[in-house]
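Worth knowing before you read on, the calculation uses all heavy atoms, side chains too, and leaves out hydrogens, waters and symmetry mates. Throughout, numbering of the chain's residues begins at 1 and tracks the sequence.
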Amino acid sequence: MDASDWDERYAASDLVWSVEPNRFVAEIIGPLTPGHAIDLAAGEGRNAIWMVEQGWTVVAADYSPVAVERMHSLAADRLGDDSGHLTALVADATQEAPGGHAAYDLALLCYLQLPTDEWRQALRSAVEAVRPGGRVVVVGHAGRNLADGWGGPSDRAVLYDPEEVLERADGLPVTVEQSGIRERPVDTDEGPRVALDTVVVLRREG
């Protein structure tokens with residue numbers, strides 16, 4: 001899907017995603033000392049807005065102008081006087097991150113589902129965006145979700161298991177803090193289901 005496809009999807013619905021943060025994002029980032037973060041492919045900003053509520057200063061980027069406009073509105077409603085701690089802008093996650101190199105304490109890639117080469121570029125941009133000692137948090141629909149889980153994209157080319165994330169991180173200046181498949185409960189019209197997500201945390205080396 002390109003930016004115009006996402007624009008149409010966001011414009012057709014009041015809210016495409018939940019207003020709550022992703023459960024793994026909250027679990028990983030919640031205990032950290034707040035600093036400066038970038039959320040790449042932030043969508044409507046559910047994770048970025050939550051991070052500001054936790055004390056972070058966040059740049060949230062998405063390549064859908066409709067999503068970014070909605071993020072502005074949601075931030076104004078949710079954050080009030082703290083809305084100045086969120087900068088929402090249009091940007092492509094596969095290009096150099098807004099703010100340049102080593103500008104952030106944390107970079108988030110949450111459900112950015114791209115083909116291998118593009119996703120590798122996005123991961124490199126995320127790593128380059130964080131300072132030494134900073135973290136890159138990756139949450140995505142797992143490849144094995146196709147056979148063993150529920151929901152998510154049906155194109156294996158845009159899914160990634162933990163070992164595939166680590167392969168794409170090969171050669172980047174990072175160490176692995178966490179890597180695995182996590183189960184995410186999903187309520188559906190047919191009853192409870194379980195989705196399988198890849199969760200990886202990388203630490204930028206000095």
Side-chain angles (χ1 to χ4, degrees), residues 10 15-65 67-93 95-112 122-140 165 169 172-180 182 184-185 197-206:
Y10 285 119
L15 198 64
V16 174
W17 312 113
S18 163
V19 297
E20 299 300 321
N22 172 266
R23 63 190 296 129
F24 306 123
V25 169
E27 174 189 307
I28 293 165
I29 297 178
L32 300 180
T33 300
H36 288 79
I38 185 163
D39 183 355
L40 296 163
E44 296 154 313
R46 62 176 180 143
N47 294 312
I49 291 170
W50 173 83
M51 289 175 68
V52 172
E53 291 173 335
Q54 310 312 304
W56 291 79
T57 298
V58 183
V59 172
D62 198 275
Y63 76 165
S64 165
V68 172
E69 190 59 39
R70 184 164 294 169
M71 204 186 320
H72 280 294
S73 298
L74 291 172
D77 291 342
R78 285 262 302 272
L79 298 176
D81 292 342
D82 289 333
S83 60
H85 294 286
L86 176 69
T87 301
L89 46 81
V90 177
D92 186 337
Q95 305 301 311
E96 180 178 325
H101 290 190
Y104 303 97
D105 302 297
L106 184 142
L108 175 63
L109 296 168
C110 188
Y111 299 120
L112 176 61
L123 181 60
R124 175 179 293 278
S125 295
V127 171
E128 290 175 345
V130 298
R131 304 180 179 98
R135 292 176 174 86
V136 176
V137 177
V138 177
V139 179
V165 174
L172 297 177
V174 294
T175 55
V176 181
E177 285 196 342
Q178 180 182 151
S179 176
R182 300 289 298 276
R184 174 170 48 85
D197 286 348
T198 287
V199 178
V200 175
V201 180
L202 304 172
R203 188 95 180 235
R204 174 73 188 263
E205 296 174 348

List the residues meeting side-chain contact (heavy atoms from CB on, under 4.5 Å) with [X], not counting sequence neighbours, and say none if there are none.
| X | value |
| --- | --- |
| D77 | none |
| T87 | V59, L89 |
| A103 | none |

For this session: Take E128 and E96 through the side chain to side chain contact (heavy atoms under 4.5 Å, CB included) test and state the conclusion after the steps.
Result: CA-CA 8 Å; E128 290 175 345; E96 180 178 325; 5.6 Å; no
Looking only at heavy atoms, what is the nearest atom pair of [X] and [Y], with distance?
| X | Y | answer |
| --- | --- | --- |
| D62 | A41 | OD2-C, 3.4 Å |
| A75 | I49 | N-CD1, 3.7 Å |
| L123 | V165 | CD2-O, 4.0 Å |
| A60 | A48 | CB-CB, 3.7 Å |
| G43 | A67 | O-CB, 3.5 Å |
| V90 | P65 | CG2-CA, 3.9 Å |

Problem set entry | side chain to side chain contact (heavy atoms under 4.5 Å, CB included) evaluation trace for T175 with E205 | CA-CA 7 Å; T175 55; E205 296 174 348; 2.9 Å; yes
Side chain proximity check, [X] to [Y], heavy atoms < 4.5 angstrom:
| X | Y | answer |
| --- | --- | --- |
| P185 | R23 | yes |
| E44 | M71 | no |
| D105 | R131 | yes |
| L202 | V176 | yes |

Problem set entry | Criterion side chain to side chain contact (heavy atoms under 4.5 Å, CB included) on N22 and R46, from CA distance to verdict | CA-CA 8 Å; N22 172 266; R46 62 176 180 143; 4.0 Å; yes
Exercise. Would you find more than 12 non-hydrogen atoms of other residues, nucleotides or ligands less than 6.0 Å from R124 atom CZ?
Worked result: no
Exercise. Measuring from L40:CG to Y104:OH, what's the distance to the nearest 0.5 Å?
Worked result: 8.5 Å
Exercise. Judged by atom type as modelled, is there a donor-acceptor pair below 3.5 Å linking the side chain of S83 to the main-chain atoms of A76?
Worked result: no
Mind listing the side-chain donor-acceptor pairs of residues 24-38 below 3.5 Å, one per line with the distance, residues two or more places apart or on another chain?
from	atom 1	to	atom 2	distance (Å)
E27	OE1	R182	NH2	2.9
E27	OE2	R182	NH1	3.0
E27	OE2	R182	NH2	3.3

Problem set entry | Results of side-chain hydrogen bond (donor to acceptor under 3.5 Å, both in side chains) for N47 - residues two or more places apart only | none
For this session: Return the set of residues passing salt bridge (Lys or Arg N to Asp or Glu O under 4.0 Å) with R204 (not counting sequence neighbours), or none when no residue passes.
Result: none
For this session: Show your reasoning for whether side chain to side chain contact (heavy atoms under 4.5 Å, CB included) applies to L79 and H85.
Result: CA-CA 9 Å; L79 298 176; H85 294 286; over 6 Å; no
